[in-house]
Amino acid sequence: MAQNNLLSGIKPPSAAQPFTVMAKPVGSRCNVNCSYCYYLKTPRNGQNAAQPRMTDEMLERFIRQYIEANDGPVVSFVWHGGEPSLAGLNFYKRAVELQKRYLPEGWSCWNNLQTNGTLLNDEWCAFLAESGFDVGVSIDGTQQIHDRYRNDHNGNGTYQAAQAAVRCLQAYGLQPDLLCTVTSAAAKAPLDVYRKLRELNTQWIQFIPIVRREPGGVTDDSVSGEDYGKFLCDVFDEWVLSDIGRVNVQFFAEMARVWAGGSAGLCWMAPVCGRALIVEQDGGVYSCDHFVSPEHRIGDIGVTHLSELVDSSVQLRFGESKSSTLTAQCRSCAWLTVCNGGCPKDRFAVSEDGEPRQNHLCSGLNRFFSYVHPAVNLVTTLSKQGHTPEAIMSHLRTQLSVIWKDVGRNDPCPCGSGKKAKNCCWAKRR
């Protein structure tokens, strides 16, 4: 193996800007066969069937390089898959030991395990709690929707196992994030999905739209832009009137942060990308979780240090292309600062001017941002003034009742859609 800065004992410089790495210790291996999974069906170059997980040598190299490339004092490790728990509990115990070995004095690690939850038990949960892991559990709202797409390799639904994992984690003092995909089916039942997730009482929910291409269009399980926008609007209405301060919805929080003058933490909302790399089981490094393909393989940590790879010219071009390839429609959009054209993987539609690379979800995001902007600004203002969540929600409910006063079923809907109220937001009135 070629000598590099790490192997020669010379500490390389930190990366020019902060970056994160999602480690995939078992590659695409998974004990669940989700029908919409883009990663499971991606060919795995370098994934050795005889080596079911990242070797201890590769694990140590990754942890040491990643810590060396960071400015600290907190280094964030994200463990993903496939199903990362297939690496085994001892793998993560070893990872924690190595982190402690290589962390400079006064630094700490934050670990996040993204899992389907089906393999978690008391031993796992006790370790995760004791070691300070955050955990994200994939669960698609209702059992009917979840088990439609998320089955094991024998065709059995996995909802009950995922729900049990959430309860087990909570028993050990961990409140997992809930990762819910928005499929075409989920989009038709927004409140059923949201309320079922809320019942789990974890206080944090992420909604992830499913968009997969196939010859001639998108797959049947993909959500359309229009349906995604309606899903978000309906969930927002429920959340803003009932759950402020009780439930955190990642997208809503990120959107409010941007409109308040901050920066988005979600890569797809940022002006440029490329600062969230993938390290595969064999040490291969890729540009992004959605671009784990030969043409986006930027190097190997066995040859080149992570700090060099993240700031390589090819990776910088990958990140900057998010901004440089925006359509004219995006550049002139009122919501550019909070969307920035969305994720490049979803840019395969055609703009109003006939330009390629428009976001497939554009129409829905446009509708959503337009719909919620006044309420988000009001919530932010009242919060800065010191109003409690209950007072803010009470104010919003009062305001809503005034808006709907004297509006009949056949009158134009107050939301401005142009539809009759009975065919639009009639069920939302209070």
Side-chain angles (χ1 to χ4, degrees), residues 141-142 175 177-180 182 186-209 223 225-262 264-266 269 334-335 337-339 361 363-405 407 412-417 419 421 424-430:
T142 69
Q175 288 290 8
D177 300 345
L178 303 181
L179 283 66
C180 175
V182 183
K188 293 179 173 59
L191 295 185
D192 290 342
V193 167
Y194 175 70
R195 289 167 181 169
K196 200 65 180 177
L197 294 171
R198 183 176 60 190
E199 284 178 13
L200 292 172
N201 197 33
T202 68
Q203 286 87 52
W204 190 263
I205 300 170
Q206 298 181 37
F207 289 115
I208 305 166
V223 64
E226 292 75 12
D227 286 349
Y228 185 52
K230 184 179 185 304
F231 175 92
L232 292 173
C233 289
D234 288 353
V235 171
F236 181 86
D237 282 339
E238 176 87 358
W239 173 82
V240 81
L241 295 176
S242 306
D243 296 322
I244 295 176
R246 301 190 190 105
V247 178
N248 291 296
V249 178
Q250 182 193 43
F251 185 16
F252 301 167
E254 295 286 345
M255 174 181 62
R257 181 182 297 115
V258 173
W259 278 336
L266 279 173
M269 296 176 70
W335 313 119
T337 58
V338 77
C339 174
L361 299 172
S363 61
L365 291 171
N366 197 315
R367 172 183 177 179
F368 174 65
F369 293 137
S370 301
Y371 182 72
V372 305
H373 186 253
V376 171
N377 280 349
L378 179 59
V379 170
T380 300
T381 298
L382 293 175
S383 180
K384 288 181 177 178
Q385 292 174 353
H387 293 273
T388 65
E390 284 297 337
I392 294 172
M393 290 186 289
S394 177
H395 180 88
L396 291 169
R397 287 191 288 266
T398 299
Q399 195 175 63
L400 188 63
S401 66
V402 171
I403 291 173
W404 278 95
K405 185 180 180 182
V407 175
C413 187
C415 78
S417 66
K419 299 179 180 179
C424 195
C425 299
W426 184 255
K428 299 179 183 180
R429 73 197 191 286
R430 300 228 175 177

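In what follows, every heavy atom counts, from backbone to side chain, and hydrogens, waters and symmetry copies are set aside. Numbers here are sequence positions counted from 1.
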Using the test side chain to side chain donor-acceptor pair (under 3.5 Å), find all partners of [X] that sit at least two apart in sequence or belong to another chain.
X: S363; result: E226
X: D234; result: K230, K428
X: Q399; result: none

| Looking at residues at least two apart in the chain, or sitting in another chain, which of them share a ring pair (Phe, Tyr, Trp, His ring centres under 6.0 Å) with H373? |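 Listed in chain order: W259, W335.
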| request: Applying ring pair (Phe, Tyr, Trp, His ring centres under 6.0 Å), name anything that partners F231, two or more places apart in sequence or on another chain. | output: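 In terms of ring pair (Phe, Tyr, Trp, His ring centres under 6.0 Å), with neighbours along the sequence ignored, F231 is linked to F207.
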| query | Of the non-hydrogen atoms in W239 and V247, which two are nearest, and what is the gap between them? | reply |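 So the two residues come closest at NE1-O, 2.7 Å.
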| Shortest non-hydrogen contact between A264 and M269, atoms and distance |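 Heavy atoms only, the tightest pair is CB-CB, 3.7 Å.
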Who are the side chain to side chain contact (heavy atoms under 4.5 Å, CB included) partners of [X], not counting sequence neighbours?
X: A256; value: V376
X: P412; value: none
X: E390; value: R246, T388, M393, R397
X: I208; value: L179

| Just wondering, do D177 and I205 contact through their side chains at under 4.5 Å, heavy atoms? |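 Side chain of I205 against side chain of D177, heavy atoms only: no contact under 4.5 Å found.
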Please table the atom pairs, donor to acceptor, closer than 3.5 Å between any side-chain atom in residues 187-194 and protein atoms at least two apart or in another chain.
unit_1 : atom_1 : unit_2 : atom_2 : d
K188   : NZ     : S184   : O      : 3.4
Y194   : OH     : D243   : OD2    : 2.6

| task | Kindly indicate, with the supporting measurements, whether the criterion side-chain contact (heavy atoms from CB on, under 4.5 Å) is fulfilled by L178 and W204. | result | CA-CA 6 Å; L178 303 181; W204 190 263; over 6 Å; no
Nearest 0.5 Å please: distance from the [atom1] atom of [X] over to the [atom2] atom of [Y].
X: K419; Y: C425; atom1: NZ; atom2: SG; answer: 8.5 Å
X: Q175; Y: L200; atom1: CD; atom2: CG; answer: 10.0 Å
X: L361; Y: N366; atom1: CG; atom2: CG; answer: 12.0 Å
X: I392; Y: L378; atom1: CD1; atom2: CG; answer: 8.0 Å
X: C180; Y: L197; atom1: SG; atom2: CG; answer: 5.0 Å
X: L232; Y: D237; atom1: CG; atom2: CG; answer: 11.0 Å

Would you give me the side-chain donor-acceptor pairs under 3.5 Å for residues 248-255, sequence neighbours excluded?
unit_1 : atom_1 : unit_2 : atom_2 : d
N248   : ND2    : Q203   : O      : 3.4
E254   : OE1    : R257   : NH1    : 2.8
E254   : OE1    : G265   : N      : 2.6
E254   : OE2    : R257   : NH1    : 3.2

| said: Taking S394's backbone N and O only, do any of them form a donor-acceptor pair with T398's side chain (distance below 3.5 Å, no angle check)? | reply: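 Here the side-chain-to-backbone pair exists.
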| field | Stepwise side-chain contact (heavy atoms from CB on, under 4.5 Å) check, Q385 with L382 | value | CA-CA 5 Å; Q385 292 174 353; L382 293 175; 3.7 Å; yes
| field | salt bridge (charged side-chain N to carboxylate O under 4.0 Å, His left out) involving D227 - partner list, sequence neighbours excluded | value |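 By the salt bridge (charged side-chain N to carboxylate O under 4.0 Å, His left out) rule, D227 matches no residue at all.
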